[in-house]
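Inspection log for the structure reproduced underneath, given as structure tokens.
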2 protein chains.
Amino acid sequence: MTLELSVDRGSPVPLYFQLSQQLEAAIEHGTLTPGSLLGNEIELAARLGLSRPTVRQAIQSLVDKGLLVRRRGVGTQVVHSQVKRPLELSSLYDDLEAAGQRPATKVLVNTVVSATAEIAAALGVAEGSDVHQVERLRLAHGEPMAYLCNYLPPALLDLDTAQLEATGLYRMMRAAGITLHSARQSIGARAATSEEAERLAEEAGAPLLTMQRVTFDDTGRAVEYGTHTYRPTRYSFEFQLLVRP
Amino acid sequence: MTLELSVDRGSPVPLYFQLSQQLEAAIEHGTLTPGSLLGNEIELAARLGLSRPTVRQAIQSLVDKGLLVRRRGVGTQVVHSQVKRPLELSSLYDDLEAAGQRPATKVLVNTVVSATAEIAAALGVAEGSDVHQVERLRLAHGEPMAYLCNYLPPALLDLDTAQLEATGLYRMMRAAGITLHSARQSIGARAATSEEAERLAEEAGAPLLTMQRVTFDDTGRAVEYGTHTYRPTRYSFEFQLLVRP
DNA sequence: TCAATGCGTATGTCCGGACAATCTGACTAC
DNA sequence: GTAGTCAGATTGTCCGGACATACGCATTGA
């Protein structure tokens, strides 16, 4: 079979990116079957009228994504297993939306509080200084699913309650021009207190899935600290991860 | 301050790798302070007697690791935040060892069983075919910490009980020439059954942290399926993750 | 005073070529 | 028949250069 590949030099989209997208689409679509060889880089470059470094850059990006595997002396082949996505820094809202559910959000608290020692340490601000606090309840199919408590540095974002209910916090941050860079997460479990149980329509002592996260932008500022509790019967963390070579 | 950088052209270690390692060490050591500019690539290349693509390759690898941030028109600077490691496919054994603890392992079961539908689906083998089963109890400071149940395809590995107690499963796989590539994970929580509770010295109904994982090698074969339960008072999943640009 | 413009600087993209390292498979020698 | 050897194929590394693009800042203009 011959793979239809072409690049548009008039497009502002980088050539290597055009190529990697077409290859990824072909893998996704099944045109490039798992295990099949991709054909050597030099010939592929010649066929497309590109240079080898450009082709290599395209292939490399897919290798980084885990879709391709290179073998010296053999060639580049499509990975057999079904790689979906290698763990992104995704918000619960996006996760649910991607799963086809229509998540609902109920903002319980949207205010400014004085930072406790824990919050101050996480966000890197002075203890006692003002921080935004947002408490939300995330529902799916009318059932409570997770209780989210977040703290943000002051003057970072305009936290409109209506907007918080219509979209996710991360989406609002990105829209405000904040470049999310990395996050430090901790996932655990514990028994629900009576207060937590009531919020999530569980019973006191029921197991809860917990997640704490501090998110940093590309300048190294902490832009968000969150403590979340999930109902384990309704939610679990699913992700694919790659081995760093 | 002047950063000491040099490369050895006689070494079989790639030049870009030598450079990236030195830069990483300088960041780790604090010689390159967070937020500081790295100096433009062209001059850096000239100073080291390297070409710009080589220098770029070194820098790019650190950008991928989350240690550096590039800004067009500005330069490349060291990320402020404390990036430790961006979530590896690590075994519990390695995690504990890295944390300074000396993990102990007790192999409870090491046998061959007939694959149930669940196991067969995860490993991609025929239902009812033979698979290895390993059940282990992981202890730290004499206290049970996690209960690990793993299934492996037949004839993949020689599962020596003594070796399983002395090291981790992943380390044994790597030593056997298996190239780990990716894994699909699911982390959740549930209440302990009385059987599970007894194994982990908890009470029935106590919250447990659960993890399921299927690991694939670079040919796409499933090489391991594991169902783990952790005591949440003793263990939680901590990791750093990067945002895919 | 404030906004628009222009310029320098640094990274982003792309090219064409060269040699080295490694894997596969076929051939050869014992 | 088996083991060692060699050649072809393919990716890995590296070079030197060219132009495009975006950011920050100083200058200019209203």
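Hydrogens, waters and symmetry mates play no part in the numbers below; they use all other heavy atoms, side chains included. Reminder, nothing fancy here: chain letters follow the sequence lines and each chain counts from 1.
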Look at the side chain of B:R71 against the base of D:dG24 and say whether a donor-acceptor pair falls under 3.5 Å; ignore hydrogens and angles.
no

Would you say the side-chain atoms of A:E224 pair up with the backbone N or O of A:N150, donor to acceptor, closer than 3.5 Å?
no

Counting side-chain heavy atoms from C-beta on, which of D:dT13, D:dT11, C:dT13 comes nearest to A:P14?
C:dT13

Which of C:dC14, D:dG12, C:dT11 is nearest the side chain of A:R70? It is D:dG12

Any chance CZ of B:F237 has more than 12 other-residue heavy atoms, nucleotides or ligands included, within less than 6.0 Å?
yes

C:dC15 P sits how many Å from A:L19 CG, rounded?
11 Å

Which of D:dC15, C:dT11, C:dC15 is nearest the side chain of B:I42? It is C:dT11

Atom-pair distance (CD on B:E43; P on C:dT9), nearest Å:
12 Å

From C:dT11, D:dC15, C:dT13, pick the nucleotide closest to the side chain of A:Y16?
C:dT13

Write down the atom of B:P153, the atom of B:A222, and the distance for their closest heavy-atom approach.
CG-O, 3.3 Å

Indicate whether OP1 or OP2 belonging to D:dT11 is found under 4.0 Å from a side-chain N or O atom of A:T76.
yes

To the nearest angstrom, the CD1-P distance between B:I59 and C:dG12 comes to 9 Å

Name the closest nucleotide to the B:V74 side chain, picking from D:dG24, C:dT24, C:dG12.
D:dG24

How long is the span from the CG atom in A:L62 to the CD1 atom in A:I27, to the nearest 0.5 Å?
5.5 Å

From CG of B:L50 across to P of D:dT13 the rounded distance in Å is 14 Å

Quick one: A:Q57 CD to D:dT13 P, roughly how many Å, whole number?
15 Å

Starting at atom CG of A:N40, determine the distance to atom C1' of D:dG8, rounded to an integer number of angstrom.
12 Å

How long is the line joining CD of B:E41 and P of D:dG16, in whole Å?
16 Å

Ring-plane angle category for B:Y151 and B:Y225, please: parallel below 30°, perpendicular beyond 60°, tilted otherwise.
parallel

Less than 3.5 Å between a donor and an acceptor, one on the side chain of A:R56 and one on the base of D:dT10, is that the case here?
no

Listed nucleotide nearest any side-chain atom of A:R72, set D:dT11, D:dC23, C:dT11:
D:dT11

Quickly work out the B:L15 CG to C:dA20 P distance and round it to whole Å.
14 Å

Under 4.0 Å between a side-chain N/O of A:T54 and OP1 or OP2 of C:dT13, yes or no?
no

Heavy atoms from C-beta onward define the side chain here; which of C:dC14, C:dG12, D:dG12 lies closest to that of A:R52?
D:dG12

